[in-house]
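Here the structure is a predicted model, which means the values were calculated and not measured.
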Amino acid sequence: MLTIKGNLLNIIPKSEYKKEGETLATPVKAKLQILVENIRSNGTKVKELHTISIPDNKIAFYSDKVNKDVEVHVGIISKQHSFYGV
């Protein structure tokens with residue numbers, strides 16, 4: 001398990017995705033948008049924005065932490081990493 005540390009910029013609430021013409025909606029998890037600062041080997045600082053989906057039971061934990069530094073336990077999906085909260 002990995003931990004992402006950064007500034008929580010935004011919480012995107014959970015919702016439902018409904019495609020036009022379909023009667024059933026697909027639930028969509030809440031997401032955190034975290035700005036992470038990385039330092040390259042030459043000392044240059046680079047900031048990256050990560051959007052991380054989180055389980056429903058973790059939403060309340062982050063709701064009062066917008067604009068604060070947070071740590072999120074994550075797993076990795078795919079060859080080019082995408083994070084998801086655990």
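For Asn57, the side-chain contact (heavy atoms from CB on, under 4.5 Å) partners are Pro55, not counting sequence neighbours.
Note that CG of Asp56 is 3.5 Å distant from NZ of Lys14, once rounded to the nearest 0.5 Å. The structure places CG of Asn38 at 12.0 Å from OG1 of Thr44, a figure rounded to the nearest 0.5 Å. Taking NZ of Lys31 as the reference point, atom CD1 of Ile52 lies at 11.5 Å (rounded to 0.5 Å).
Residues Ile76 and Val36 share a hydrophobic cluster, clusters being chains of Ile/Leu/Val/Met/Phe/Trp/Tyr side chains in contact below 4.5 Å. Val66 and Ile12 fall into different hydrophobic clusters, where Ile, Leu, Val, Met, Phe, Trp and Tyr side chains are chained together by heavy-atom contacts under 4.5 Å. Hydrophobic clustering (ILVMFWY, side-chain heavy atoms < 4.5 Å, transitive): Leu32 and Phe61 are in one cluster.
A heavy-atom distance below 4.5 Å is found between the side chains of Val72 and Tyr62.
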Considering only distance and modelled atom types, tabulate donor-acceptor pairs under 3.5 Å from the side chains of residues 1-11, sequence neighbours left out.
{"from": "Thr3", "atom 1": "OG1", "to": "His73", "atom 2": "ND1", "distance (Å)": "3.2"}
{"from": "Asn10", "atom 1": "ND2", "to": "Gln33", "atom 2": "OE1", "distance (Å)": "3.1"}

